[in-house]
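Bear in mind that the values here come from a model prediction, so they are computed numbers and not experimental data. The analysis underlying the following values was restricted to heavy atoms, covering all of them including side chains, and did not include hydrogens, waters or symmetry mates. So that the names make sense, note that chain A is the first sequence line, chain B the second, and so on, each numbered from 1.
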Number of protein chains: 2
Amino acid sequence: MVRTSTDKKILESALKLISEKGYLGTTTKDIAREAGITEVTLFRHFGSKERLFEEVLKCYTFLPKLKEVISEIEGDSINYENTLKKIGMRFFETLKERKSFIRILSSEMNVYPDKTREVFSKFIDETNKVLSGYFKSQQNAGNLRKFSPEIAARGFLGMLFCYFNVEEIVKGKSISHQKIEMIIKEFVEIFVNGTLKD
Amino acid sequence: MVRTSTDKKILESALKLISEKGYLGTTTKDIAREAGITEVTLFRHFGSKERLFEEVLKCYTFLPKLKEVISEIEGDSINYENTLKKIGMRFFETLKERKSFIRILSSEMNVYPDKTREVFSKFIDETNKVLSGYFKSQQNAGNLRKFSPEIAARGFLGMLFCYFNVEEIVKGKSISHQKIEMIIKEFVEIFVNGTLKD
DNA sequence: TCAAAATGTAAGTAATTGCTTACTATAATT
DNA sequence: AATTATAGTAAGCAATTACTTACATTTTGA
């Protein structure tokens with residue numbers, strides 16, 4: 001679907017307002033106002049509020065590109081600890097970029113369960129697959145002790161996700177790059193010490 | 001406030017329905033029907049929908065009693081690893097007991113930000129305080145390496161919280177006691193290995 | 001048993017919301 | 001310049017929702 005500039009304005013406004021006020025708490029009038037158009041134009045472009053919301057979910061869906069991080073790193077012979085740091089950093093940056101969308105996924109799970117659960121589950125499962133694959137390959141190379149790579153990946157990414165969620169979404173802060181690095185350093189240290197072979 | 005049995009029925013029904021459909025997605029008619037009363041009775045008891053919701057937030061607010069776990073354990077000379085397992089277990093059990101309420105906290109943060117953020121932040125901060133205090137005392141006793149107890153506590157509880165959130169809330173499953181134990185065992189192993197002194 | 005309290009019945013209000021319609025004006029394209 | 005496409009104006013509709021009112025019935029407690 002090729003997007004006109006009006007489409008884009010509407011989608012952006014919808015993303016912003018729905019992430020702030022919820023789907024049911026945001027009126028089509030609000031969205032139109034925010035986009036600088038009339039309400040009737042909104043309906044001309046998207047047909048209904050629900051269709052607009054579906055397009056928002058489709059348009060802003062994302063997957064963190066951890067695969068690419070691992071590829072880059074495999075070419076660079078960086079060690080395990082720094083790899084985890086880079087993965088953590090990339091993951092966190094992605095979360096920050098997509099903050100509004102993540103807010104919507106959390107809060108609209110009841111109103112629009114099918115798509116939000118699908119997107120959220122896919123996000124979790126795919127990112128975990130990549131990281132657990134990496135843990136496995138490091139185990140196979142004899143670098144790591146025996147543990148469940150899938151559960152460890154869930155743990156590692158879960159720590160980061162939860163930290164992000166609490167600070168940025170619950171507390172409404174914006175974490176500085178420095179602070180993120182510090183947090184990731186601490187988490188990675190625990191993970192490295194906790195997963196390396198003796 | 002002393003609760004009549006009708007009050008309780010209304011509060012329980014509101015908790016259930018709001019956790020399933022959201023605050024705005026749940027009508028006072030729905031709640032009345034679920035409670036087996038008429039809508040006018042609901043207003044007699046609570047005055048408004050908003051007031052009812054406030055009472056739900058007040059009534060179902062909780063803090064996991066990790067302090068008690070630590071007290072019990074300190075009397076029992078249980079080791080660090082088993083302590084973390086018991087803490088993890090108690091925390092997870094609490095999350096499961098309060099699943100509906102936690103769903104509401106996540107999803108209604110935009111509609112009712114002040115109280116939900118307050119409750120959620122308090123929950124995070126208090127539980128972290130208790131666990132980080134325990135980490136500190138173990139460091140002071142010379143058992144653990146140097147790391148930030150606050151950040152480690154955030155990490156540990158964050159892993160559990162995120163795992164719970166994804167499985168029970170996003171994916172809508174109910175995790176078996178066995179499965180929880182296994183997950184906690186894995187997470188604790190990483191943490192124990194990651195925080196013990198060499 | 002009786003009076004007070006609690007709840008139900010039935011109807012209604014005002015406001016809000018998503019959405020539509022018809023006509024007009026503006027912008028873009030040929 | 002003329003035509004087509006896009007957007008605006010103004011008004012309105014039907015449905016829904018939180019809430020209210022007045023009267024009747026049932027339940028509870030003394």
What is the distance, rounded to the nearest whole Å, between atom CD1 of B:Ile31 and atom P of D:dA18?
8 Å
Under 30°, 30 to 60°, or over 60°: which ring-plane class applies to A:Phe164 and A:Phe161, parallel, tilted or perpendicular?
tilted
What nucleotide among C:dG18, D:dG8, D:dA7 has an atom nearest to a side-chain atom of A:Val40?
D:dG8
B:Asp30 atom CG is separated from D:dT17 atom C1', nearest whole Å, by 11 Å
Atom CZ of B:Arg33 and atom C1' of D:dT17 are separated, to the nearest Å, by 13 Å
Is the distance between the ring centroids of A:Tyr112 and A:Tyr23 under 6.0 Å?
no
Check: A:Phe123 ring centroid to A:Phe62 ring centroid under 6.0 Å:
yes
Check the phosphate of C:dT17 against A:Thr27, side-chain N and O only, distance under 4.0 Å to OP1 or OP2. Yes or no?
no
Distance in angstrom units between A:Leu24 CG and C:dT16 P, rounded:
17 Å
When the aromatic ring centroids of B:Phe147 and B:Phe135 are compared, is their separation below 6.0 Å?
yes
Using a heavy-atom cut-off of 4.0 Å across all strands, would you classify A:Thr26 as base, sugar-phosphate, or nothing?
sugar-phosphate
B:Glu54 CD - D:dA18 C1' separation (whole Å):
15 Å
So, is B:Thr28 near the phosphate of D:dA18, with a side-chain N or O under 4.0 Å from OP1 or OP2?
yes
Send over the distance from A:Lys49 NZ to C:dC19 P, rounded to a whole Å.
8 Å
Taking OP1 and OP2 of C:dT7, is either one under 4.0 Å from a side-chain nitrogen or oxygen of B:His45?
yes
Nearest-Å distance, CD1 (B:Ile10) to P (C:dA6)?
12 Å
With the side chain of A:Phe43 defined as its heavy atoms from C-beta on, choose the nearest nucleotide among C:dT21, D:dA18, C:dG18.
C:dG18
Pair of N/O donor and acceptor under 3.5 Å linking D:dA7 base with A:Arg44 side chain
yes
Remember a base hit wins even if backbone is also touched, and classify A:Gly25 as base, sugar-phosphate or nothing at under 4.0 Å, heavy atoms.
nothing
Among the candidates D:dG8, C:dG8, C:dT7, find the nucleotide nearest to the side-chain atoms of A:Thr41.
D:dG8
Could you state the NZ-P distance from B:Lys9 to C:dG8, rounded to the nearest angstrom?
8 Å
Identify whether any heavy atom of B:Thr4 sits under 4.0 Å from a base atom; if not, whether one sits that close to sugar-phosphate; answer base, sugar-phosphate or nothing.
nothing
Return the orientation label for the B:Phe187 and B:Tyr163 ring planes: parallel under 30°, perpendicular over 60°, tilted otherwise.
perpendicular
